[in-house]
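Scope of the values below: all heavy atoms of this structure, side chains included, with no hydrogens, waters or symmetry mates. Just so you know, these numbers come straight off a predicted model, no measurement behind them. If you read the sequence from its start, that first residue is 1, and numbering goes on from there.
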Amino acid sequence: MLFNTVSYLVFLVAAVVGYWLLPQDKRKWLLLAASLAFYAAWRWEFVFLIGFSALVDYFFSLKIHDARSPHRRRLYLISSLSINIALLLYFKYTYFLVDNMAGVGRIFGQDWMVDVGNIILPLGISFYTFLSISYTVDVYRRLYDPIRNFGVYLTYVMFWPHMIAGPILRAHELIPQITRPHRFHLEHLVVGTRWILFGLFLKVVLADQIAPMVDDAFAIHPTTLGGLDVTTMAFAFGFQIYFDFAGYSMVAIGSARLLGIRFPDNFDWPYLATSPREFWRRWHITLSSWIRDYLYLPLSGMAFRDRSEGGIEVQFAHKKTTLRLTLALFLTWFIMGLWHGASWRFAFWGVWHALFIFVYRMLQGRFDAWPKWVVMIGGWGLTILIAMLGWIPFRAESLEHALSLLARLGDLDSYTSLGLRENFYLVTFLLLAGMLLARGALSLRPALAKVRYVEQVLDVAVMACVMFGVFVFLRPISQFIYFQF
């Protein structure tokens, strides 16, 4: 059941009405039933897989908490993590491992190809696996006691607004909201509806309309493209994936808010960042923070933070940029790249960002004597260019395809020729200009609030345009990009 469909809106209305009509002690069971139905609408048999994964973590978290021996606690933790990671490796990485093994065999003139049958990737497995891992690890760290009610824990894992593609909430952020009583307030409906409408606008009016142009551009052979073409393609797909995923996150946040449940923001105008570090404090914030707390900080030997904000990058003084921190940085990003997809092009995407974050660390503080506006404008220009070009391996068909496209950037003579349709350049430029204008308009909001009725009139006009766009374009053209991860 896709968020950008009428069927989801009908499902959501039914769930919200039922939730607020039920007695407070019964509402959490409605959330569980609705979440089971939401996932079963895709493939009902995979509900049992999620249930098994959740049962494993529920069982071992209790064992970890009750065990007195440090050895047993570690054993239970390793058992839980091993089962979770094994499931993720099997469903998501079997083909990748088999293909690479066969490639190594061909080097030695051997046929090492193995028939593993047809493996279907469960929807959202990467995200709900991360939820389960963080819960078990947090219990092991004695951050809080485990949940004793399996139904409540299963609701946390399967809560439909966030289980497919985030935001990734920690157990202590969501479970208390599921279990504690909520009083109905009209504000929940108003705010939640606004989030949903703006999210659908980003998805169906912007992302889905850009998608065909991007698909056509990336279908062109790299040798016929120039450096400006490749840059334009990168920017266009960068806006497509941003509108697509930010739109999903807004619908998720709005859906939860209709139930009185608050999710943290997942995006904060990432393409306005003035450094690679700041970009990853603004993009997919809850995933970046999860990677920071459960992978990067343990690898670097630094203190755990336990919050779904702040992004992956941690600011260091130059003297602290040791070999261990550098290795932790590159290893974290390599794993994060492969987490996004079982392909070397995703690993390349991860290393791409690690490299530029490392360079930023080395140069940080070198330009303090420069005028602040120069540093900000220059930093923004370089950051958005690096981020957008980094999307090429993310969107390309293969690593070879991505490298061929990036190689065109080095052919200076190619910049004089244009290989794409003329309106493609115009649309991409208008998207960039529109983003800047929208952010500028929002910065004027406090001043407009002081003028009687002006803010209200503008709000009504904006919402009317958003609703009209959603009404015209709402149809299941495509699923959300991050659903494949």
Trainee: Quick check on Met101: does its CE atom have over 12 non-hydrogen neighbours (other residues, nucleotides or ligands) under 6.0 Å away?
Mentor: yes
Trainee: Flag the pair Asp215 and Arg395 as a salt bridge only when some basic side-chain nitrogen lies within less than 4.0 angstrom of an acidic carboxylate oxygen.
Mentor: yes
Trainee: For the residue pair Met388 and Gly238, what are the closest heavy atoms and their distance?
Mentor: SD-CA, 3.6 Å
Trainee: I would like to know whether Leu77 and Phe60 meet side-chain contact (heavy atoms from CB on, under 4.5 Å); could you show each step before the answer?
Mentor: CA-CA 7 Å; Leu77 175 65; Phe60 281 112; over 6 Å; no
Trainee: Given the rule in the side-chain hydrogen bond (donor to acceptor under 3.5 Å, both in side chains) test, do Asp138 and Tyr294 qualify, once you have shown the distances and angles that lead to the verdict?
Mentor: CA-CA 10 Å; Asp138 287 350; Tyr294 298 97; 2.8 Å; yes
Trainee: Is it the case that over 12 heavy atoms from other parts of the model lie below 6.0 angstrom from the CZ atom of Arg148?
Mentor: yes
Trainee: Are the ring centres of Phe3 and Tyr248 closer than 6.0 Å?
Mentor: yes
Trainee: Could you pull out the closest heavy-atom pair between Ile386 and Trp352, with the gap in Å?
Mentor: O-NE1, 3.1 Å
Trainee: For Trp344 together with Phe348, are the ring centres under 6.0 Å from each other?
Mentor: no
Trainee: Go through Tyr8 and Trp160 one step at a time and tell me if the side-chain hydrogen bond (donor to acceptor under 3.5 Å, both in side chains) criterion holds.
Mentor: CA-CA 11 Å; Tyr8 174 71; Trp160 83 83; 3.1 Å; yes
Trainee: Below 6.0 angstrom between ring centroids: does that apply to Trp339 and Phe346?
Mentor: no
Trainee: Tell me whether the centres of the aromatic rings in Tyr140 and Tyr76 are closer together than 6.0 Å.
Mentor: no
Trainee: So does Arg345 pair up with Glu397, basic N to acidic O under 4.0 Å?
Mentor: no
Trainee: Check whether more than 12 heavy atoms from other residues, nucleotides or ligands sit under 6.0 Å from atom CZ of Arg439, and answer yes or no.
Mentor: yes
Trainee: Over all heavy atoms of both residues, which pair between Thr383 and Phe279 is shortest? Give the atoms and the distance, please.
Mentor: CG2-CB, 4.2 Å
